[in-house]
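In what follows, chains are A, B, ... by sequence order, proteins preceding strands, each numbered from 1.
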Amino acid sequence: MPAETTLERDDAQVSGLDALELAPRREKGNLGRRVWRSAWPKLLAIALVLLVWQSVVWAEWKPIYVLPSPATVFTDLGNVITTGDFWGGVRVTMTRAFTGFLLAVVIGTVIGALVSQFAPLRAAIGSLITGLQTMPSIMWFPLAILLFQLSESAILFVVVLGAAPSVANGLISGIDYVPRTWLRAGQVMGMRGIAKYRHLILPASLPSFISGLKQGWAFSWRSLMAGELLVIVPGALSIGVRMQQARDLSDSSLVICYIIVVLIIGILIDVLFNKADNSLRKRWGLLS
Amino acid sequence: MPAETTLERDDAQVSGLDALELAPRREKGNLGRRVWRSAWPKLLAIALVLLVWQSVVWAEWKPIYVLPSPATVFTDLGNVITTGDFWGGVRVTMTRAFTGFLLAVVIGTVIGALVSQFAPLRAAIGSLITGLQTMPSIMWFPLAILLFQLSESAILFVVVLGAAPSVANGLISGIDYVPRTWLRAGQVMGMRGIAKYRHLILPASLPSFISGLKQGWAFSWRSLMAGELLVIVPGALSIGVRMQQARDLSDSSLVICYIIVVLIIGILIDVLFNKADNSLRKRWGLLS
Amino acid sequence: GGDDNGAASATGGGSDAATLRLGYFPNITHAPALIGVNKGFFQTALGSTKLDTKTFNAGPAAIEALFSGAIDATYIGPNPAINGWAQSKGTGLKIIAGSTSGGAGLVVKEGINSPADLKGKKIATPQLGNTQDVALRAWLKENGLNADQQGGGDVSVLPQDNATALQAFAQGAIDGAWVPEPNYSRLLLESKGKVLVDEKTLWPNQLFVTTHLIVTQKFLKEHPATVKKLLQGHLESLDYIEKNKADAQKAANAQLEALSGKPLKDNVLEASFKNLTFTADPVAASLFTSAKHAKEVGLLKPVDLNGIYDLGPLNELLKAAGKPEVSDAAA
Amino acid sequence: MSLLDQKTESVVRLEGVSKSYGDLLALDRVSLTVRQGEFVCLLGASGCGKSTLLSLVAGLDAITGGTLDIGGRKVSLMFQEAALFPWLSVRGNVELPLKLQGVSRAERRRRAEELLDIVRLAGFADKRPHELSGGMRQRVALARALAQDADILLMDEPFGALDAMTRDILHDELERIWREQHLTVLFVTHNVHEAVRLGDRVILLSSRPGRVIEDYAITHERPRRIDSPEVSGQAAEITDRLRSEVARHAR
Amino acid sequence: MSLLDQKTESVVRLEGVSKSYGDLLALDRVSLTVRQGEFVCLLGASGCGKSTLLSLVAGLDAITGGTLDIGGRKVSLMFQEAALFPWLSVRGNVELPLKLQGVSRAERRRRAEELLDIVRLAGFADKRPHELSGGMRQRVALARALAQDADILLMDEPFGALDAMTRDILHDELERIWREQHLTVLFVTHNVHEAVRLGDRVILLSSRPGRVIEDYAITHERPRRIDSPEVSGQAAEITDRLRSEVARHAR
Ligand SMILES: Nc1ncnc2c1ncn2[C@@H]1O[C@H](COP(=O)(O)OP(=O)(O)OP(=O)(O)O)[C@@H](O)[C@H]1O
Ligand SMILES: Nc1ncnc2c1ncn2[C@@H]1O[C@H](COP(=O)(O)OP(=O)(O)OP(=O)(O)O)[C@@H](O)[C@H]1O
Ligand SMILES: [Mg+2]
Ligand SMILES: [Mg+2]
């Protein structure tokens, strides 16, 4: 048969097969509906918690100054969050959190890259990195003061020590699991040195890196709450200090307020990380 | 051709191909060599740290009572770990750590299983679980006292709250990623209810569960170090209390001693987890 | 006054420091510092030397900061000062003035009326080996009750932080607590506790040190003039408290609010102020006695406290103001 | 000699079966009968609903129209990925369906040995799945499917991921086991040669929605060779039909 | 008409090449010449060292004996798994080798469009690899390999993981591109039909250690069909030879 017809027939076949293999796009359902679907159980859960809480209060199991009623707590919360001071404190704390976390990311990344690159380095400090993770933050205070005196840097130091190990571990395991075929493909394309890192190793270890970041965030946040007690820098009062003070004042309603505040911040950040994680996974096709 | 000969020829071919496909076993190199290979960088690293430390001390950058020399610290460490009291404290702390961790595992597993099973429950408290992780342990003290007074249970409560979310999250993501074909295979075999969990879901989510455990351990250990300050239960002084006391006494040598102790415990446990993780991965063929 | 280490008190020489970094706690027992900062007494006295204040939540952190050179002087309780002195083998710091006396004691639940009633009970203290902890243990011993460091014995002594102690007492998880102000008053006023021991009654003249002012020996040697100016501000603050009690209370509470966001309740503030005595006298005798007690109950290794005080500059100022000098004698 | 000629009873009967996922019609009025002992191959391009059809027969999914009748018979199912459980040894995998049926330990062991013998893996009982090659894993999966003692064996592209040589050999093996065990097989594949090599009948499905467009009876004598001229000839014919079906979907 | 007849210059020359990993001899004195524009298929059972041989030619691994000469020519390599980078779009993947060569942005874009056109994926430049089917991914991998502008294209079972129909079509595509672009191809496969369908020559390797045992010249006229009687016939002959080689390794 003549080559012409073969080619033409092939064209139809190729694109026909392509069309078949790509599953038809599905509608996702309308947005409002999706939001509602994910929102109602949360609202229900909150309602349930409030109900149980209020019942316990009504039952007078504990004196009201030990276990305040939801109404008291939310009034207090309302009072707290409507002061400019509070938002100043949130700003101070979040600034520290982000600065510390960014520093931790930079440091963790460098350490992770070095450790995954040099086998002896890994044997030397691989376990140490995880060992550091289990060190309670207060143990770093003396060292922090020693190195950085009483400054913002001392707080950041504690935060960095809390978060950097997780970040480094995430990167290390990401690099470890870069598939061999990708490495070989890169090598054949002539990737060497920096180009190899830039075009292959770093992007390839991204998903594991992100979960390291997520874990690192949890650690850094907890370290920050402790570390903020290290020094009170004049200006707005940070969340950590406020929390401690609520405890010192034995103001249980205020304590619960701040538990709620910290929880909400924690959840918001978690949601952000999940969004990043999911969109990455979707782009990579790691999710269905 | 007669069926007989076909079958016979096939037999040789099948086992010939099987033999070819199974790569020949390789020797692993002798044990002493392997141990040495992983040990020397660690020893070198320790030697380097000691050297730098000693140099800083010699340079008299800070007074000796602020930054004690390695010799002082190791003498102190020697003195500390040769007392029966210290080991009593280690026992107390490790008992709490393991009890708390076990409890956290049980509770985290139950919650994880429930959440991954019921979609509304997940929507309701999925984020909350991670939010809890970012709550600093001291914020749980008031609640712990409220619920458990000042008892061992109050400490365990703090530990459990620290670790259970990680465990639950590990299980949830493990269950989420059980491959669909396994689920279908199980269904065709007639797995339902408990049998499905026992024979399919739980073993399938094991690797992710183990990394959840590992992370949970780090959190629970840090929570414990904070939580032990909550109450001194009559008996030996726990590690957390000893650490706090070293700080209270401004005894920097003792502080460094306890940093070393906590680091070593952290590393030992990490090594255990890694062993478990690796042997599981090897059995599953997830490692090469 | 004065002792062998008279270099600082000898002259007013040495250059003024560019900055003085002063530490204190947002706590009513540090009222002279709170008021001095709030009213600007320190800065006025220091003149061209810039005042840089740092606040701490606990003694150990303040000592760490002092030792690592992050601050030059700080208000602090007797206990961390002794520990710092012992750890630095007498080279790290000097006590240069007293600040606060009194304001601590044992508050217990209803139904406990005598030491004997404490058998099998749980009593909180702020920290193992601190002043109140030692005071409690010594008092228990005197009354024939024993308590070990692990929380066992006739009476279970449980060191725990203030917040925990308050909450635990309110809920009946502990039976009493030996605490300083303002928690002493708060236990009484808010949690309906009753006083079993007011620590004052255990001391001669009803005086015992609660807070004093320390400075690093290095700073003292290099900038004696600045130290003197600091003391000047300190004395002014004390004066102000003595003369304007009501205003002083207000100023202290304003500074507390600025630092921690929430002022003390008026009744607690008033009660605390009533229980506390603000004086430049470091009540040296009580420090030595307390250290002796600590040694006796095994909470302090033998330590030579000789030379921990340098009251020369203070006495010079007191003399100039026509006030009685203070002594660093052990008894 | 094809088993078709013997007119045994029918074990799977689909009449006008439809299946839609939301507004996507995956199968459109499919009618199909499989008789006892028959080897039926389902052939079609991607997304034509082959896997969907097997799920329906296996009862993993509900039909949305028509009637499906397997007379309460038991089915077992094999996938392209072996779907062996990595936490169990080869023996454990084969024993699992027996365990779920409540067979005693000793009996389980005996049956597993027997089944591993049938798939020529007698010496590999204590290995882990990942220690085996792809072809060996599929043989374990076959043993596991046989352990379910089902009346109907459904196979969804079981050899799709294997290399040609291994597949060739597994064709021989499957044919042998099918004959020895008197199985009824419904076999899904993309591969025309494979379908012609194995089937008593080859059912060709159209794509999106899936409909039966041809039903070829394959009558060449067994055992067949995949590169025999008869198989190649018939494959060429079916391939052309399939290609034109695929080309219909060109952009 | 085979290109063999034209006796063009040789671009790959192996003489007595050996390769051992530790004490495992993977390749044993392999001699082989590939000429400019030739399509050579390497055929052999598992573990016979086909991938090893390609690694050596690609310079990813060092030989342990003999001489290997590619005259400093550039090579590109395609694997069974497309090994596309999921963080790049289809276009990004194809542009990457150009970027590494320092080609300007505009020129890169133009070349990528051209290459995607060649593999008939013009409309898919902005998709992500995971949004494509397996066959489409391999075509992107081919475009990426072509973008390296190499003199020699090495292919390691590039179609091994694809279904039969897709593979069939890709055979036609590869043959077309090979002819249009005047490529020199060294193609590794398990699949005898594929080798005969595509190759000017089929080199049969023995297993463990790998040695050249046959060198078949395939002279059927192109374009060929995989189910044509000529291809089937020659495939059957090679298959028998291969099977007896495999059977040699029986326990
Ligand atoms: N659970 C599901 N939800 C929505 N659509 C589905 C689902 N399963 C399959 N489909 C769609 O139904 C159609 C048929 O799918 P099916 O998997 O049965 O095809 P197939 O013939 O097995 O394809 P392949 O050859 O790719 O395995 C496809 O268009 C697919 O996208
Ligand atoms: N990096 C390596 N280290 C040790 N042994 C190796 C390595 N790579 C390959 N081998 C061994 O060399 C032999 C040849 O391997 P190779 O991968 O080249 O075979 P192949 O013909 O490509 O096999 P397959 O058909 O399975 O792809 C095998 O026995 C294999 O186990
Ligand atoms: Mg399918
Ligand atoms: Mg290979």
Side-chain angles (χ1 to χ4, degrees), chain A residues 1-26 174 178-210 279-288, chain E residues 51 54-55 58-61 74-89 92-93 96-101 119-124 127-136 139 141 144-145 147-148 150 154 156 163 165-166 168-170 172-173 175-176 179 222-223 225:
Chain A
M1 69 195 89
E4 282 341 39
T5 40
T6 317
L7 284 181
E8 262 164 40
R9 201 204 50 196
D10 272 353
D11 202 8
Q13 268 170 34
V14 171
S15 61
L17 202 59
D18 287 355
L20 283 175
E21 297 242 327
L22 299 179
R25 287 202 166 272
R26 327 286 333 272
V178 174
R180 221 170 83 91
T181 34
W182 290 359
L183 290 176
R184 300 185 59 169
Q187 210 178 339
V188 173
M189 278 185 230
M191 289 185 192
R192 303 259 176 298
I194 298 286
K196 182 170 149 199
Y197 264 81
R198 175 158 146 37
H199 291 297
L200 179 57
I201 306 281
L202 287 184
S205 45
L206 205 55
S208 157
F209 187 57
I210 286 192
S279 87
L280 181 83
R281 282 172 184 277
K282 209 170 268 162
R283 277 159 54 106
W284 281 45
L286 297 175
L287 278 184
S288 49
Chain E
S51 300
L54 287 200
S55 302
L60 295 176
D61 240 335
K74 283 174 65 182
V75 299
S76 64
L77 183 51
M78 243 184 96
F79 310 93
Q80 173 163 345
E81 325 83 69
L84 298 177
F85 299 142
W87 56 90
L88 296 173
S89 66
N93 270 286
L96 186 56
L98 300 168
K99 201 167 181 178
L100 290 166
Q101 289 158 32
V119 298
R120 310 200 203 218
L121 284 172
F124 294 89
K127 294 253 184 243
R128 300 254 146 200
H130 74 94
E131 295 175 292
L132 305 182
S133 70
M136 295 163 87
R139 272 143 64 199
R144 187 176 69 174
Q148 287 177 57
L154 307 176
D156 194 355
D163 66 86
M165 209 178 317
T166 309
D168 243 34
I169 288 178
L170 285 193
D172 297 349
E173 293 292 296
E175 187 172 47
R176 172 179 64 80
R179 196 177 49 223
R222 294 175 188 269
R225 260 191 80 141

Using non-hydrogen atoms only, which part of A:Arg198 is less than 4.5 Å away from chain E: side chain, backbone, both, or neither? side chain

A:Lys196 NZ to E:Leu100 CG distance, which is reported to the nearest 0.5 Å: 13.0 Å

Would you check if E:Leu77 and A:Gln187 make a side-chain contact, meaning some heavy-atom pair closer than 4.5 Å? no

Going through the distances and angles, do E:Leu96 and A:Met191 end up as a side chain to side chain contact (heavy atoms under 4.5 Å, CB included)? CA-CA 10 Å; E:Leu96 186 56; A:Met191 289 185 192; 3.5 Å; yes

Pairwise distance CZ(A:Arg184) to CG(E:Asp156) - rounded to 0.5 angstrom: 7.5 Å

Is E:Ser89 in contact with chain A via its backbone, its side chain, both, or neither, using a 4.5 Å heavy-atom distance? neither

Under 4.5 Å from a heavy atom of chain E, the part of A:Ala195 involved: side chain

Check whether E:Lys74 gets within reach of chain A through its side chain, its backbone, both or neither, counting any heavy atom under 4.5 Å. neither

Counting only heavy atoms closer than 4.5 Å, note whether E:Leu84 contacts chain A via side chain, backbone, both or neither. backbone

Kindly compute the distance separating CZ (A:Arg180) from CD (E:Glu81), expressed to the nearest 0.5 Å. 10.0 Å

Could you pull out the closest heavy-atom pair between E:Phe85 and A:Leu200, with the gap in Å? CE2-CD1, 3.6 Å

